[in-house]
Structures are given as C-alpha cells and as structure tokens.
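Take a look at the structure below.
Chain letters run A, B, ... following the sequence lines, proteins first, then strands; residues in each count from 1.
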Amino acid sequence: MSGSGARPAALLAAAAGALVLAGAAPPPQQPFKFSHKVHAGDNHIGCTSCHVYVERGPVAGVPSMFRCQGCHKFVKEDKDNAQLDQELKALRKVLDEGKPVEWARVHRVPDHVYFTHQRHVVTAKLECKECHGEVEKMDAVRQVSPLTMGWCLECHQKPQNKGKAPTDCWACHK
Amino acid sequence: MPGDHEGVSRRTFLRIAATAGAAGAACSPPALPQKLIPFLVPPDEIIPGRPLFYRTVCRECPAGCGVTARTREGRAVKLEGNPEDPIGGGSLCARGQASIQALYAPDRLDGPRRRGADGKLAPIPWDDAEEALAAALTAAREKGPGRIRLLTRSEPGSAGAVQKALLRGLGGREGDRVVFEPFDAAPLRAAEKALFGVAQLPVHDLAQARTVVAFGADFLETWLSPVELTRQLSQGRGRVGAERTRLLWVGPRMSATGMSADRWIRVRAGGELPLALALLRWLVEPGHLPDLAPAVRPLSPRLAALDPTALVRRAGVRLEDVDALGRELVARRPSALLGPGVASQGPEATQLAAVLLLANVALGNVGRTVLHGLDPMEDPPSSFADVKALLDDCAAGKVDVLLVHHADPAGALPAALGAGGALAKVPLVVTFASLPDATGAQAHLHLPDHHTLEAFGEVSPRRGIVALGQPVMTPLADTRAAAQVLLELAGRLPQPATPLPGDLWEFFQARAEVFLKPVAAGATDVRPVLRTAQERGGAYYEAAPGPVALDASAAARFLAPPPEAPPPRTGELDLLFFPTTLRGDGQGPRPTWLDEVSDTVTTVSWTAWAELSTATAARLGVVAGDVLAVATRAGRAELPAYVYPGLRDDVIAVPLGGPEALALLPGDTDPASGALAFAGARATVAKAGRRIDLPVLEGSPYQEGRSIVKNVSAAAPAVKRPDLSARMYPEPPHPVHRWAMAIDLDKCTGCNACVVACYAENNVPVMGREAAVMGRQMGWIRIERYLGPERGKLRPDFLPMLCQHCTNAPCEPVCPVYATYHTPEGLNAQVYNRCVGTRYCSNNCPYKVRTFNWRDTKFVRPLDLQLNPDVTVRSKGVMEKCTFCVQRIRYAEGVAKDENRPVADGEVTPACAQTCPAKAIVFGDANDPASRVSRLAAGPRGFNALEEINTRPAITYLARVREEDP
Amino acid sequence: MSTTSTSAAFAQLQDAVAAVPRRLGRGYWVLVGLAASLLLWGAWCYSIIVRNGLGVTRLNRPVMWGNLITDFVFWVGIAHSGTLISAVLFLFRARFRTAVYRVAEMMTVFGVMTAGLFPVFHLGRPWFAYWLFPYPNQRHLWPNFRSPLAWDVFAVSTYFIVSTVFLFVGIGPDAAALRDVATGWRRRAYGLLSLGWHGTDAQWRHYTRAYLFFAAFATPLVVSVHSVVSWDFAVSLTPGWHSTLFPPYFVAGAILSGVAMVITILIPLRKVLRLTDIITPHHLDMLARLVLFVSLIVTYSYSVEIGLSLRSPPSDPERSTLLYRATGAYAPLFWLMVTCNCVGPMLLAVRKVRTSIPALLAICLAVNVGMWLERFNIVVTSLSHDRLPFSWRLYFPGWIEWGMTFGSFGWFFFWFLMSLKLLPVVSIAEMKEDLAHARHVGAGEAAHAG
C-alpha cells in the first residue's frame, strides 16, 4: 500500500515527528513515586521479572501489588538514605491498604491497533529498550518513541525484515 | 475507534472544519482510559490478552447441549458448542448462542428485591430476604400441606434434587412441585406409557434413517433436541442419489423444517392424524409390507375397518399421496416418523403420537432410528393439566407461598387461563428469575439466581450423559444460586425433616459420588474424576438403548377414527400456532439478538405476525403489512399480515412466543396426556384498517428467474459452470494461504445459528426495529431465503450470504483510500480506521454484504463486557463486513507459529462454521489441495454466487439436491 | 459611419453594464435573503448529519447513495454550460455567445463550487476528506488511483481552477473600463480585477493570445470532467451503471442542463437589469436551438440504453434494471424525466415556441427539473434493483436530504447574486468589437452565427 516513491519524504516526516515527541513528551504525573532507575538500573532487576506477561501475551503487564510485596516484605527501609526510606514507608502504607495503585499510563496505541509484545520480544527478539528507551536510567518513565504507524512501518519495511515483519494492514488492524 | 491522543486535537479541528463549527465540537472522540490498574494477586491461569476456555452446559431448552465458554480477563465473551458432548456435538443453536446476553442484560437484577406496600421493588439484604421467606414458609407449613408450591423448569440435577428435598422437609406432597415446560412433548410420553408401559421420550438416530417423515414435528427448530437432530439429518444429506436421506414434511404450513424437506404433504389443519391412520392402515394391508413387524399384526383387523377415503378426505389429501408415502417408506427402510410437534399438538395429540409409534414399529424403525431406554426420566415436566390445577388452587386462595424457579407462566400460558389473576391471589410469590419477566412483575420477593455461566450444576439430559455446569466467571451482581438459597432456607427452618448441607457445593459433590460411578471405575476418591469430567464438560459413558414390548390391546384403543371436526363457519379459518427457534416459548425477556435476527421463513424481525396464503390474502384484499384483527373464542389480537405461499388457503398461522398468540390460544387440552392443545383452534380474520411497515429482510422473495441458487438431482448431478478461464489482469498472489469456505446448501436448514454466532463474535451492533424497517441491520451474515426460482413458484432455497472474499473483488478498486483491499491470504480486508465512508464499495458489491455504520452504537453497561476484545468496535461513518473472523485466523496462525508448525486443516473455524448444527459450513485453506474445503469446492455440486460476473469468490456453495418440487 | 456614433454606442453599452449594480433594488435583496435562508437551512441539515451520522438520512442498504450524489452530478452538469459557451463557441467563432458567455462563466464557477462540496458532504467521516488527496504522510499511505472517486478529486479541482482563471482573464479589460468610471471601493475592486490593464497594444496582443490559449485549454475539460464523473458509475458493476455509453451520455446531459440553466437565468436577468437590447431575443433563439440539439442527443442516449438492454435475455439484471426504471416504483419519475428532457425541448423546433420567451423559460425550467431527475434515476433505481433480488429495497429522500438539495441552490444563487454587485455581467470589450464589426458588415449577424 505504501507508495515507495514518497518513502524518503514520509520517513523524514516520521523521523521529525519522533524527534519532536521524544523531546516534547514529559513523563506523566504518577500517583505514587516509583523509580525504574532504582529497580532496573541500580538493582539490575530484569524487565521480565516484573512485567511477567511480556513473553507470553500481547500485553507486558503491570506488576501486581503481590509482586511488589514479594520483595518489599524484606526491603522495608533504608537506614542511610532518608528520602528513600520515606518512600519505602509510603509504599508500606499502600501495600497495607491492600488497594492497587492506579498508575498513569505512559505508552498506549489506539484501540484499533492490535500490538503484541510476545511477537516482538520472543519471535523477533527485540530488546525492550529499542522501543521504550533506556528505562533503567529514568526515574519517571516517559515515552521515547512516537508509537505512530509510520514509526512501526520504518522497522517493518526494513529489507532485512522482509517476509518476517508483516506490512499487511490486517497484521495490526482487525 | 478513537484516535491516538496526539491526533485528537487535529481530528477535532477537522471535524469542526467539516461542519458549521459548533456541530463538530459535539463529536470529538471520548477520552481514552489513561489508568493502568494492576492485579492485587494475579490469577495463575489468566494471561491478559489471551483467551481461557471453560466447559459448561446450555440451559435454554431441555436438550442440554454442551458449551465451551471463551473468557477474556475473567469475563465470558463467547459461547460455543462443546465438541466432546454427544448431544450438541460442538454446535449451539441461535438461542444457545444468544444465552450469554442474559448474563450482561442491562435490566438484570443486581440483588434481591422486595415489593413494598407502594408496589415498588426495593433492595433488601439477602439475610433479611431469606429470613422473611423462611418465616413465611414456616407459617404456611403450619396451615397443612399444599400451602407451599413450587413452579420450576425441568431441573434434572442438583437444583431439582434440592427443591424436592426442601419441599419434602416442609411436609409437601408430590404434586406440590410443578415442572413447567411449555413445549414439552407430553403426548409422546403418554403414548409411550400406553404402548410400551414407560412414560419416556424416545431418542432418535436420524443418521440411520433413509427417509424422515415429520408430522408437524419441527425437529430442526424446537422439537426435542434440535441441534442433535439437525446434525443427524445432515449426515445423510449432501450426497446425490438413493443414499441421500429424504425428508418429508406433513402439515398445513411449510415451516422452516418443511423448507428443508424434499416434499411437503399439504394436509389440512388437524389432518396429520387421519393421514397417519391411513398410512398405518396402508402399511398393514396384506402385500404392502412383506416383513410386517409381528407385534402390530393383531391390529390389522381394527385398521382394516377404517375407511381410507374418509380418512384422506379428512386429511385433505388424495389416496395416491398415502400410497406414494407408503411405498417410499417400505422401499426406504429404516425410516423415522416424527411427531407430534407443537404445531400439530391438538386434542388428539396422544393418538397421533401413538399411531406414529405404531407405524415406526410396523416399519421396524424402533430400535434402529427410534431408540428407547435412554431417557433418564429425571424430573420429567408435569402436564399442562397439572399447571392449570396449580393456577386454579392459586386462584382459589389455597396457596400461601409460590416459589417460581426459571418459569414464566404469565409469559407462556394462554391468557384465557388468567395466570396473572391467579398469581395475584397468592399472598407471597417468590421468583428466582434475575431478569424481569411477566411473572416477576407480580412477584413480591425477587431472589435473583446466578446466570448458568456463574453457577455450578449438573443436568442429565440422557442416560450416558451427565453434563456439568460450572462458573466460568465470578458473578457480576449480588446474585445467589437458587439451589444455594433453598439450602440456606432449609437451614433457617425449624428442624427440617431431611438434614441438608448448608452449601450447594457439598450437596453437589455428594451427588457426584453417585452420578460419576459409571466413569469413576471404582476410584476411591471421586474428586479427580469430577475435575476431569468438568474439564470435558460432562461425564460421558456408554448407555445402550433397551428393547420395548408393544401392548397390542392398549394400542387398539388408538385406532378409532378421530371425531369429525365441525365444518368451519363462514369467514372462519383454521388457526395454526407454530413455534420458531428465535421467538421460543415466550418465557422471560428475549435476548435482543434473537429479536434483531430475521425469522427463517418470513424474514420478519422485532414483531409477531400473521401468515395468510397468497390466495386467501387476495380474497381478503390483504397485502403484507396490513394489520389484521384475528379473533378466536378465547380472545382477539391485532397482527401485521405476511403473505406466505407456503400455507394452505384455509389456514391462518401465528407464531408462538408472544402475547398475541397467548391471547388467541383457547387453552384446550389433549385429554389423554393433559397437554395443551396448540392446534385445533379456529379464527375469524378482518382487516383492522391500519397498516405498518413490516420489518422484513427480504427484498424480493423470489430469484426472479436469475437462477442464483443452483440445484442438482440424480439425473443432473453436476452444476453447469461458465468458463471463466479468460483473464484480463493477473490474479492477486496468495503465497501462503488462501482462506476459503464451502457451504453445503443441501445441509443448511436456515436455522440462523451462524447469524447469532457472528453477532456475538464480531461485536455486531443491534440496530432495532426502525432500522430493520429501513434495511439497516448490521449482520455480517444473513440467510437469504428464496421462496422460489420465479414469482409464484414455491421451491424454497437457503443461501447464507456473507462476504464472498472475492479474488476479483469489485469493492477493492473503487475505494479511494485503500480502506478495503486484498490481503496476501486472499481475505478481502476492511480497515475501519482508514475508511472515510464513501460507501462506494457497498454500491459496487454485487452481494450487498457490506454494512454501514449509520450511527454510533452504545453498548450500555454491562453489555460492553460481552464485547470481543479481539475485534474493533466500529464508529459511525465507517463500512464494515465479514472478515472470515480474521481474529480467529490470526490466533490459530499465532499458535502454529509458537509451536513452529504450519496451520493444520480445520484449525481455523470462523464463528459461523463453528456453531453450524448441520455442519454445513467448512472453512480452510484453498492453497492446500488436500484440505476439506478444496475437495468440497472441487466437487460436482460446487458453484459460486453470481459466478457469471467473474468475481471468483472464496465461498463455494454446494448445490442442494432436489429430485422433485416440494 | 461616423466614429462619433460608434463611440456613443460604446458609451451607451458601457453605461448599461456599469449601471447594473445600481439597478439591483429591494427585490434583489429579497432574493439574496431567500438564497441565504435556503443556504442556512442546508447548513443546519448538514450539521445534523455530522453530529449524528448519515443515519439521519433515509439512505439504506442497498441504496447507499441518494440525493447528495445526485446533487453532485447535477451541479457538475450545470457547471458545463460556461466553458462550452465561452470556450467552445469562441473557438467556433459563434458571435451570439458574446452577449451571454459572461453569465455562463459565472454560473460555471459557482456551479463547480457547489458540486465540489457534495463529495465531502456525503462522506461518512468528512473530517478525513483530506485523505483523498495525495500528500506524503508518516503512515506511508496514498489514495487509490484506481478509484474513480480519486479521479473525481482531480477532475473537479482542475475544472474549478481553469474555469475560474478563464473567467477572470476575460473580466480584465471590462474591469479596467469600469474602474475608470467607478468610484470608492468598487474602483479599488475593479482595479484589482483589471490586473493593471491599460489597453495598450502589447496588452491586447497578449490578452487575445492568452484568451485563445485558455479557450483551447478549457475545451477538452468540457468533455473530460463529466466523462470522469460518469466513470463513478460506468466503472462499477452495478446494473444500470455499468455502461460504455455513459461518458458521452453524461456530457450531453451536462450541456443540456447547463444551457437550460443559462437561459433560465438570462431571461429574468436581461429584464431586471434592462439589458434587453444587449441580450436580444436573437441570442435566446440561438441558445434555444442549442438546447434542442443537445436534447436530441440525450434522447438518443436514453433510447440506446434501453434498446441495448432489450437485446439481453429477460433474466439479465441489466435489462431488468432498465425496464424497472420505466415500470417499477420509480416509473413516475422516469416518465416525468422523459417529458422534461425529451418531449419538452422538441417543441423548440417550432419557431413560434422558440421565440416566445415565456414558453422558452417554462421549457428550460422543466429541463432543469428533468436533468435532476435523470441523475436521481441513474443513482437510485440502479442501486435499489441490484443483482440479488433478496437485497432489493427502495429509497425515498427524507427532509434532511431535501434540505441539502435546496441548500445547494441557496448556496449557488447566493454567490451568483452577490457577484452581480461587482462583476460585469456582459463582456463590454467583446461587445464593442461586435458593435464595431456590425457597423462594417451591417446587419448580417444571424448569417455569421447560424
């Protein structure tokens, strides 16, 4: 469907868009201070150990409160970092309440797009960071890729992905 | 289809630009949910975005088909047949498919209610409700037996057992519990009892029958076990020549079942019995049936005494018809004579049933196609007389507490009985219905039951089958399983006679010990067995049919010629009531899908109607849509007319399942069985002077000489197909798959199961009556029912019409924005989010299978919970159509990819093919010459719709076999 | 033969045209008000459509196109007369065009302006109309150039641009002439329109060349535009649409409706604006002959269409659809159409009828109605009577569609009337030429024109 003639132009447009967005999009306000830097960065916790469904299904999954509990049963406080200690106290409070935290969504594609993490992570063996950026360096995660159709196609139309990454509309729209 | 947030403002702007300004602001897309709410504790079995399947059982009718419920993120989204279940065989009928709508009905009660002094229903806590009821029960019990009554649907399982136990505990008598099934084949039970000594229902094996004769028994629609019987018949269909099972329909009206028949024997109303007698007489005549079953020989003299000419005159047929029928049955054994059905259930229904059974015996069908000893006879329905007696007691104030369990007498009994009035006399009416029905409107206490998909329970529809129901999701509302409530009541009663466990699950497990014996094979612990059974959907074991001995002397009583019906007074027509799959028996509110989908015979939706034959309509100056005032001695009703050539001129036909029919039903009984006599009424008809726009799907009911639907016969077994070898353009390549479908029109019964399944699978919106009048239904598949090849010629054909996924699709080149295009797998894709709504594709589609979203559809909570998350919900202004269930194709392809293997044949089934009771729809890969669909399509009966315009569809129809005009 | 008398005549002519705006009194404003209110009604109806979706119309399956597309084709047709009269007749040196072509051209421009709206109006999601234009986008998506609807986008926009340019090129000298006599804002406006025209020989030389070029350039468009529009139907499979006859048939129809509309407008115009001795009965007579001629072509097309269909077997959908037009639920419209487009114009063969201005007006009004009905018949009857009898269904427009249809007339006449306040309705320059020419040759115009 894509007119090959205009690809350069379109790519430029997409790239420009990407830049703008990457630069522009600020991290959304989260109800509860959670740092990917501390978890994925400083403590080297792998993405899949919390986002457990990423290799099994379409959605990566937000870690259940149960899973937070799993570690924070033990990690309750931080003697030598007052600020962190405070945050951990706050976390305890939330966990004891036994209510889920309503996270503000960072990444989303429109409802008429059927994206599956499994295909990209397992089948195509993509690194998380290729789309989500260096999360382990972010205190608050923000969207680094535009997640626009053109952006998807950039990758799907690469010669080396021919026959592997579909460019059929019905691959993502149903 | 709201757009990505970065686009919203732009689109909103363009909307405004596109209109006068203010107007546009009104329709910017709704804000997207921007919250991510994690599990507290993640359920192990659930992977978000992946389906999870549970086996359970359908309770829409006593047949008890197995169900596979697909759930997503903990909510049921689609029901499908359970392939392991011997009854449903993996299929569900339209009603079964629609039953999920009751779960998500917006008007469903979210908790118990009590009717206050002001007559309004007010919420009440469960404890108080049960306490109040317990008190009332204790009080009533003091007054002596019979003050507490229970009206229930047939519950051959725990629920029924609990009811019986509780009543016993309350010192109730046998008759205090009345089982109400409006369409129960009571006359057949009575006849069985009289002839063979056991009041059982026979089980049929039509796959063995070479000719099936239905005496008003609509076994493809509502009779006994329609899904099973449809499958059995279709096994003998789809082939040319003597091997093909023939179906003969006897009745004054050609029903949907009759439309699938090879011949229609047009008896007059009530003519089934005389014809049956004449047939039986013919069979026992010397020389006709060489090996006449000895059991019936003693009856010969009685039969010989009958006057055949009188009988055929009464039947309204000719002697030759009986002769031809007899010869065919003799020549083509084994056969099966079925009846009576609701439509032929008159005052002599039991006699008709008996005569037909005798004919089956005579022909040696019993034991081959008509099987006995398989009816578990667990909780057989009470007779209509018993129900009447109950109502009389109510009216007489002899009842203090009436418990109503999934029964709606006020909604399904003749108005003449005044069920409403009777109920009003009962101080306390308790209903367990969770949906508002006619009876509930008079109930004082509402104790809403779980939906089948939320509850445990088992039913044994047949020996050798214990179908297990299990909750597939946590209850949506504050409902309780009716049986559980009864158990809790028992606990609250002062020292119940029989001690009952307080928990239904315990009770159920105790029973499981018993009913699982045949499959437990001496296992000490029954629980693993139960778990396996639940995973399969039931406990299935071998149960052999038993022999029956005919009591000839009893049989003789049924051979008297039926009393002469009085000649109709001038202007009077025989009134025929008939059931339809979609309208059902009228109990409870109808799921909107069943209202939206068009009736097979008339293509009418959203309303009841009255059928007149072409000649009668002309005589009365009536055209379709004229409102008729129909009156019987019982009452009168106004119904829009539908002119139907498949009807005798001396008959007017009205569908059951609505107040109109109930108003007209006299409510007579068949004395021998105490069953309600639907047949035998007479009515006067006059024009009411109004007319309405009848919501019909059909444009012209005839093929207008265009021979769209092909037929074949033994003489000409192959369809003549045009030569389409010439190509002007290269064909689109289909490197991997070319998805294709074959639909066998010789098997299709137009039952509409596929249509409803498609609504459920693809989030097809219900548009309502006005839209139906205007021709704006959104169904992706419709049953095109052609009455005949050209005007005035009656030769019905069904043509399930859905997107043909053409190789040369006319819709594709005309779309200016590529919203519709040809995928590499041969699918004709529609990309909703690209569609701008020029509607040119629909104009250029010769099959008119594309539907346009004329407006935005609201899926009011909780209806939205039923939406299939794998299918986009379309917004106003976009075109949509059948996708061959691309989401299911993608799912299967995904599974295959994960397992690193090619997709196997039969692994992909669209919703329509999956549920087809006749197994008439086969889906597969046309690139694979060995696939079933390829082989079928290559067969001699194959043809494409409108082949001559060279669209080269992916759907191949297999021509219906027709040796004669009906 | 004195130059003074000539210049006197010139002055007289110029005054007559310059006086037009002054002559537009209360009656004019009433008309403007009427047009505006129709326009507003249409706008209101459309806002309802955008808010609630096309469900508010009476459209259904199978009839998914109705009034809106009918209006589109109708107005494209109206837009045809202009280019035909100004360009084609100019190339053929038909003198009688001079007095009338300006009005015709104005009609063309406003006609296309009206027609161009409907393809957007009839979309299910008009806010995405821009997807029909080829422009590089991040989605890498392009229009489908195989679709006649994409061709329409180009055909109509091209036609709009060319006819507008043609109109304003022609206006240049006149605007200059009027500029020199006008005062106030009109003077500035004319100044703008005259594009700095001073009537130097060089300018005249370029002007005539340019004019000739545009005439030559526009002429093929007369054929192409409506051919392309006809392909919207001819390219499809639908019985009653799928016909190679359509392009010439549509062009003829377009010219018929166009010229009829010119006459319909000219007759009152010349009266009200006192241009009776500039736009003379002779001009009307010539146009009437044109109507007669084109109507004969249209009649021929009708008969060919039906005649061809009769050659196929009775079960053939093509035949069935065409007979259905004449005998089915829409038969009254069909026969009314035949009366208006075929029978009526025949009467123009009679000189007495042709020269009777009321008769001519009546016949041309009828033709306008007839041509709208023709398009309605083509669009609706074909769709309502497609290949599968089971899907047959009728369509009758609801008040929303009528609102849009009448609104389009409001829109068209609003612009036309407003422009009378400014644009010279007769080409002064060319009239002057004619006058001069007349003085040399004497009264021989008819000979030239005929």
field: Those residues of residues 804-813 of chain B, ordered by number, that approach chain A below 4.5 Å (heavy atom to heavy atom)
entry: none
Heavy-atom contact with chain B under 4.5 Å, split by part of [X]:
| X | result |
| --- | --- |
| A/Pro63 | backbone |
| A/Thr116 | neither |
| A/Gln69 | neither |

- prompt: Side chain, backbone, both or neither: which part of B/Ile46 has an atom under 4.5 Å from a heavy atom of chain A?
  reply: backbone
- request: Give, as side chain, backbone, both or neither, the part of B/Pro869 having an atom under 4.5 angstrom from any heavy atom of chain A.
  value: backbone
Heavy atoms of other groups near [X] [atom1], more than 12 under 6.0 Å:
| X | atom1 | result |
| --- | --- | --- |
| A/Gln160 | CD | yes |
| A/Lys33 | NZ | yes |
| B/Phe53 | CZ | yes |

task: Name the member of B/Val831, B/Leu40, B/Ile37 that forms the most heavy-atom pairs with chain A at distances under 4.5 Å.
output: B/Leu40
message: Just by distance, no angles: are the side chains of B/Arg874 and B/Gln830 close enough, under 3.5 Å, to form a donor-acceptor pair?
response: no
message: For B/Ser875 and B/Asp856, which I'm curious about, is there any donor-acceptor pair between the side chains at under 3.5 Å?
response: no
Does [X] pair with [Y] as a salt bridge, N-O distance under 4.0 Å?
| X | Y | value |
| --- | --- | --- |
| B/Asp898 | A/Arg119 | yes |
| A/Arg142 | A/Asp139 | no |
| B/Arg901 | B/Glu907 | yes |
| B/Asp870 | B/Arg72 | yes |

field: Top contributor to chain B contacts, counting heavy-atom pairs under 4.5 Å, from A/Gly61, A/Gly98, A/Ala104
entry: A/Gly98
Option in A/Asp168, A/Val113, A/Val59, A/Val62 with maximal non-hydrogen atom pairs under 4.5 Å from chain B: A/Asp168
message: Taking the side chain as everything from C-beta on, heavy atoms only, tell me whether B/Ile781 gets closer than 4.5 Å to B/Cys882.
response: no
